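Report on one structure; see the data block that follows.
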Amino acid sequence: MQSQNTSSSQYEVHVERQVSIPMTDGTILRADVYRPSNPGCYPVLIERVAYELAERCRYAGEYYASRGYVVVGQNVRGRFASEGDFIPFRDDGWSEHRDGYDTILWAGKQPWSNGVVGMLDGSYSGGTQYLLTPTQPDFLKALFVREGMSDIYHDFVFRGGAYQLALHRGWAINATLAHLRQNVLPKTASALALLEQAAKNVDDWHRHLPLTACPPLEGLADWYFADLAHSEDGPYWWPTSLSQRFHEVNVPILHLGGWFDVFLGSTLRCFQGIRAKGKTEECRSNQRLIIGPWIHGPNQIGEPVVGELNFGPQAAFDLFDYRLHWYDYWLKQVPNGIMDGPAVRVFLMGINRWVEAESWPLPDTTYQPMYLQAGSGQTAASLNNGLLAFEQPASDEQAESFLYDPMAPIESLLTYPFLGPKDHRSIEGQMLTYTSHPLEQDLTVIGPVKAVLYGTSSAPDTDWVVRLCDVWPDGRSMSVCDGILRARYRDSLTEPTLMHPGQIYRFEIDLQATAQVFQAGHRLRVEVTSSDFPRYDRNLNTGEAFDTGDRGQVANNTVFSGGSRASHILLPICSL
């Protein structure tokens, strides 16, 4: 990989807190600035974030400032000491307020700056990086995005048309609470107490109906209720959708993600989109992608134990050191080899080693269906008798049905941020499962995964949840990747259409992606159900708006296999 030629820790660090940074409209955003104590001009690294600065930025500030960078940790508009109204990501991109753009220009002109600027970190900070790229500010030379969202509708609020309840509502409660605790006033004491109770009893608020009724957030987070009111993709969301502006991006970016990260889809989408559509050939050729076997969070990068599996010493990754090499190359012109080698580096689970390639998906990938075949009989026991096979099923169609009661949903074993891999046997008795015979040789799956179901429901709307699992010889059914589709969005996320009960429809469910070797002796399993709660809200099956409904009805949902309605999962097969 890269050489050891890198900046060393050689400077004492000076910290200046609550530095005022004026935006074009006169709003003052505030930042903590970490600088080498030695006089001079240095390259600048900026993190723009919605969290408390001292806790969030201190370690990175001291680490990079001691190595010859100025680090600016800034609160976004309306958070903590920064002025203005907080509406997540609305002022960080290319709209009326361009706070990221203004901040880059400010940093490039400071007396301690040499006019070379980069950005760092991820999650919310990754979102502020991605969304400013189409504004193309002067001085900006490189980004390093760790697990960042880039399309707020698809990444943060909805997925497949289903509401990401635990993520969005949980984050809204905790983020609002953290902000309120910073400046407790007599007039906000009761609101603070209500929020603290909500944070302690968040499961109760997940179950509360209708979703529009959330008193702990009322009057404190208007943006939250505005998000709920826009369940379809459309103009409300487009100012926070980088996908529509890949052609305006003109900066090198290292995209770092995890197979079990909630924002995996964003990481892959941005790498592919900018590499294909970026403004210049230089930009397109300088995109890099790294995906490891990790869940969300900076402290999880490089950890070998993820969920219930240990991926071994090969999963190690020094985030701070790798970023330093990236910044040294792009901001200090240090020839350290960071750009040598292929553009893509992904961790191959199952045999636990890294794979490199020139593109994503990997070249010479073939997409092969594995077909769902119904089990015998129509009893509850037959829910788990389905077969999964590469062979096309018999021409006569078969069907399996199950009941989904939104008042008794299947409980999520995976919720943000703890999404990866876990034994799902404890809940499989409540859903359809289709299991292959033991593999005679290793099967390597690297790339995007999707399921195609042919199904019907007794209800005008319902959800389809599909999960791919690796079944070990000892019986463990370990989750690999999954997805969800709200039936009304089967054809369009902008123009939903309810179903006619009893009519058969085609449903395509995005399971995002994986890099997994299913080893000889293991089996593949596909789970099919209609709830994954509270990771996603319950579809009440009534056809009402998801956020105003307060009652549910039981749905009888049916999956078809064989003939012209051969439900299947489409696997990206690689030979390495």
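Model, not experiment: these values are computed from the prediction. When a residue number appears, it is its place in the shown sequence, counting from 1. Reckoned from all heavy atoms, side chains included, excluding hydrogens, waters and symmetry mates.
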Mind jotting down which residue pairs meet the side-chain hydrogen bond (donor to acceptor under 3.5 Å, both in side chains) criterion with at least one end in residues 218-235? Sequence neighbours excluded, please. H154-D233, Y163-Y224, H168-D227, R169-Y224, D227-Y236, S231-Y489, E232-Y489
Taking only residues at least two apart or on different chains, which pairs with a member in residues 124-135 satisfy side-chain hydrogen bond (donor to acceptor under 3.5 Å, both in side chains)? E47-S125, R56-S125, Y130-H255
Picking from R486, R538, R535, R159, what satisfies salt bridge (Lys or Arg N to Asp or Glu O under 4.0 Å) with D463? R486
Could you check D99, D102, D85 and say which one makes a salt bridge (Lys or Arg N to Asp or Glu O under 4.0 Å) with R77? D99
Contact between [X] and [Y] at the side-chain level, heavy atoms closer than 4.5 Å - yes or no?
X: F139; Y: L105; value: yes
X: F246; Y: C270; value: yes
X: L217; Y: L195; value: yes

Does [X] have more than 12 heavy atoms from other residues, nucleotides or ligands lying within 6.0 Å of its [atom1]?
X: F418; atom1: CZ; result: no
X: K332; atom1: NZ; result: yes
X: E96; atom1: CD; result: no

Can you name the residues that form a side chain to side chain contact (heavy atoms under 4.5 Å, CB included) with R284, not counting sequence neighbours? E281
Verify side chain to side chain contact (heavy atoms under 4.5 Å, CB included) between W360 and V346, making sure each step is shown before the conclusion. CA-CA 10 Å; W360 177 266; V346 299; 4.2 Å; yes
Quick check with a 6.0 Å cut-off and a 45 degree axis cone: is R67 positioned over the face of Y64's six-membered ring? no
